[in-house]
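In what follows, every heavy atom counts, from backbone to side chain, and hydrogens, waters and symmetry copies are set aside.
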Amino acid sequence: MNRARLLELGFELHTRAASGVSDETWFATAPSGERVVLKWFDDEAVADRYSHLLPALDELRARGVPVPEYPYVLSGDGWTLSAQQCLPGASVDNPSPAMVRQVAECVSAQAGVAGPPLALAIDGQSWGEFVVHALTVGVDGWAMHDPLRTGNARSAAILERIEAVGADADPSWFPDGELVHLDLHTDNLLAADDGALSGVIDWESAGTGDHRFDLVRFAFDLDGHDQPIWEVVEATGIESNVLRTYVALQALSCTSWQMWKDTPDVPRQLARAERVLARYDA
């Protein structure tokens with residue numbers, strides 16, 4: 001991050017955020033005096049993604065989804081800076097059933113909203129092609145096969161089941177052309193003091209795909225918290241073959257990332273992957 005440039009632009013940094021898509025995420029004061037979440041990317045091309053993303057978020061906000069406004073998106077020689085509105089509330093590990101219903105409604109509101117090109121897709125892949133490619137080949141830094149393949153016999157067996165789902169999947173199964181957050185878990189959801197949903201944040205990885213993927217991602221994150229979350233997903237009428245495929249992709253993405261980072265959460269992730277894959281016979 002170019003701190004000198006930030007000062008020239010009128011931003012004052014405060015504390016660094018605990019998490020975020022960017023390695024450089026800070027609470028800051030904007031030139032206008034408002035408190036913002038500032039993200040710095042060492043890539044000028046990110047500004048183009050924002051030009052596609054922000055109209056989509058404006059539409060979601062008009063539909064009642066509590067997404068932040070972005071009063072500043074600036075770019076220069078090799079960098080992009082975004083400053084988003086600080087929404088009230090804090091993330092919770094196990095949101096209330098009422099908030100779970102609100103999240104499901106917000107995901108439904110993404111239907112028909114066009115998103116930016118999916119940054120993780122290769123050579124113009126459709127959403128369905130991207131999903132099948134991730135399951136059968138992998139996506140660097142997001143849905144990796146090697147951590148599971150080389151981890152131990154247990155993780156290798158999980159990968160074998162995941163790859164089998166990918167081998168059976170057809171890209172034509174999956175709708176395309178809608179906004180997908182791609183990383184909708186509890187850290188990216190804010191709850192107000194009364195437990196109501198107050199914010200859906202961290203849209204920087206969002207792209208074009210099937211909005212229903214986000215509800216499966218959210219459900220996978222809540223699995224094991226004594227929530228009837230899979231019943232919520234199934235009640236949407238999502239096709240069983242699509243649900244089975246999205247579940248396998250969650251098992252791959254979440255478990256491989258934890259194994260890649262060698263976090264203490266690996267045993268829980270492995271158990272969750274086995275449990276949810278078994279639920280949908282994957």
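Panel note: side chain R272, backbone F220; a donor-acceptor pair is recorded below 3.5 Å. No donor-acceptor pair under 3.5 Å is formed between the side chain of T136 and the backbone N or O of A167. Using modelled atom types, no side-chain atom of Q84 and backbone atom of V37 make a donor-acceptor pair closer than 3.5 Å. Checked by atom type and distance alone, the side chain of R101 never pairs as donor or acceptor with a backbone atom of S96 at under 3.5 Å. Formation of a donor-acceptor pair under 3.5 Å by the R212 side chain with backbone atoms of V233 is not found in this model. Without hydrogens or angle criteria, H181 side chain to H211 main chain gives no donor-acceptor distance under 3.5 Å. For the pair T80 (side chain) and E44 (backbone), a donor-acceptor distance under 3.5 Å is present. Using a distance-only test at 3.5 Å, with no hydrogens or angles considered, a donor-acceptor pair links the side chain of S253 to the main chain of W142.
Atom CZ in R244 sits 13.5 Å away from atom CD1 in I238 (nearest 0.5 Å). In this structure, CG in D223 is found 11.5 Å from CD in Q250, a value given to the nearest 0.5 Å. Atom CG of residue N241 and atom OH of residue Y246 lie 10.0 Å apart, to the nearest 0.5 angstrom. If you take CZ on R35 and CD on E12, they are separated by 12.0 Å, rounding to the nearest 0.5 Å. Considering CG of L54 and CH2 of W203, their distance stands at 12.0 Å, rounded to 0.5 Å. In this structure, CG in L243 is found 8.5 Å from CZ in R279, a value given to the nearest 0.5 Å.
Side-chain contact check for I162 versus T255: every heavy-atom pair is 4.5 Å or farther apart. Taking 4.5 Å as the limit, some side-chain heavy atom of D48 sits within range of a side-chain heavy atom of S51. For the pair L159 and L252, the minimum side-chain heavy-atom distance is below 4.5 Å. A heavy-atom distance below 4.5 Å is found between the side chains of D146 and R149. At least one side-chain heavy atom of Q227 sits under 4.5 Å from a side-chain heavy atom of P97. P95 places a side-chain heavy atom less than 4.5 Å from the side chain of V100. In this structure, the side chains of P116 and L179 come closer than 4.5 Å at one or more pairs of heavy atoms. Contact of the L270 side chain with the V266 side chain is registered, since non-hydrogen atoms from C-beta on lie closer than 4.5 Å.
Between W230 and Y280, the ring planes are perpendicular. Angles over 60° get that label, and only those under 30° would be called parallel.
Heavy atoms only, all atoms of each residue included: V132 and G166 are closest at CG1-O, 3.9 Å. Between L189 and M99 the shortest heavy-atom distance is CB-CE, 3.9 Å. Of all heavy-atom pairs spanning V180 and G209, the tightest one is CG1-N, 3.8 Å. Considering every non-hydrogen atom in both T29 and H14, the closest pair reads OG1-NE2, 2.6 Å. Contact detail for A109 and L60: the closest heavy-atom pair is O-CD2, 3.7 Å. When all heavy atoms of D187 and I201 are compared, the closest pair comes out as O-CD1, 4.2 Å.
Residues forming a salt bridge (Lys or Arg N to Asp or Glu O under 4.0 Å) with D168 (at least two apart in sequence, or on another chain): none. Not counting sequence neighbours, the partners of D265 by the salt bridge (Lys or Arg N to Asp or Glu O under 4.0 Å) test are R268. Contacts of S198 classified as side chain to side chain donor-acceptor pair (under 3.5 Å), with partners at least two apart in sequence or in another chain: none.
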Legend entry - L74 and F11: CA distance, side-chain angles, deciding distance, side chain to side chain contact (heavy atoms under 4.5 Å, CB included) verdict: CA-CA 12 Å; L74 307 171; F11 291 91; 4.1 Å; yes
Legend entry - side chain to side chain contact (heavy atoms under 4.5 Å, CB included) assessment of T186 paired with F218: CA-CA 7 Å; T186 53; F218 178 56; 4.3 Å; yes
Legend entry - Stepwise side chain to side chain contact (heavy atoms under 4.5 Å, CB included) test for C106 and V65: CA-CA 6 Å; C106 289; V65 180; 3.9 Å; yes
Legend entry - Worked verdict on W127 versus F213 for ring-ring contact (aromatic ring centres under 6.0 Å, His included): CA-CA 11 Å; W127 170 252; F213 176 87; 5.3 Å; yes
Inset, instruction - Take F130 and F174 through the test ring-ring contact (aromatic ring centres under 6.0 Å, His included) and record every step on the way to the result. - result: CA-CA 10 Å; F130 167 74; F174 309 99; over 10 Å; no
Inset, instruction - Mind running side chain to side chain contact (heavy atoms under 4.5 Å, CB included) on V131 and D210 for me, showing each step along the way? - result: CA-CA 10 Å; V131 168; D210 177 3; over 6 Å; no
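With a 6.0 Å radius and a threshold of 12 heavy atoms from other residues, nucleotides or ligands, E234 has its CD atom above the threshold. More than 12 heavy-atom neighbours from other residues, nucleotides or ligands sit within 6.0 angstrom of CG on D170. Counting non-hydrogen atoms of neighbouring residues, nucleotides and ligands closer than 6.0 angstrom, the CG atom of D140 reaches no more than 12 such neighbours.
Electrostatic pairing of R154 and E274 counts as a salt bridge here, judged by a charged N lying under 4.0 Å from a carboxylate O. D214 and R217 are not joined by a salt bridge, as no carboxylate oxygen comes within less than 4.0 angstrom of a charged side-chain nitrogen. A salt bridge links R63 and E59; the closest N-O separation between the charged side-chain nitrogens and carboxylate oxygens is under 4.0 Å. Using a 4.0 Å cut-off between charged nitrogen and carboxylate oxygen, R3 and E24 do not count as a salt-bridge pair.
I229 and L197 fall within a single hydrophobic cluster, where Ile, Leu, Val, Met, Phe, Trp and Tyr side chains are chained together by heavy-atom contacts under 4.5 Å. Hydrophobic clustering, with ILVMFWY side chains joined whenever heavy atoms are under 4.5 angstrom apart, groups V247 together with V139. Residues L215 and W173 fall within the same hydrophobic cluster, defined by Ile, Leu, Val, Met, Phe, Trp and Tyr side chains chained together at heavy-atom separations under 4.5 Å. L87 and L57 fall into different hydrophobic clusters, where Ile, Leu, Val, Met, Phe, Trp and Tyr residues are linked whenever their side-chain heavy atoms come under 4.5 Å apart, directly or through other members. Hydrophobic clustering of Ile, Leu, Val, Met, Phe, Trp and Tyr side chains at less than 4.5 Å, counting indirect connections, unites L222 with V103.
A donor and an acceptor atom, one from each side chain of H185 and D183, are located under 3.5 Å apart. In the model, E34 has no side-chain atom that pairs as donor or acceptor with a side-chain atom of Y72 under 3.5 Å.
Under the side-chain contact (heavy atoms from CB on, under 4.5 Å) rule, L81 has a single partner from V73, L38, V46, which is L38.
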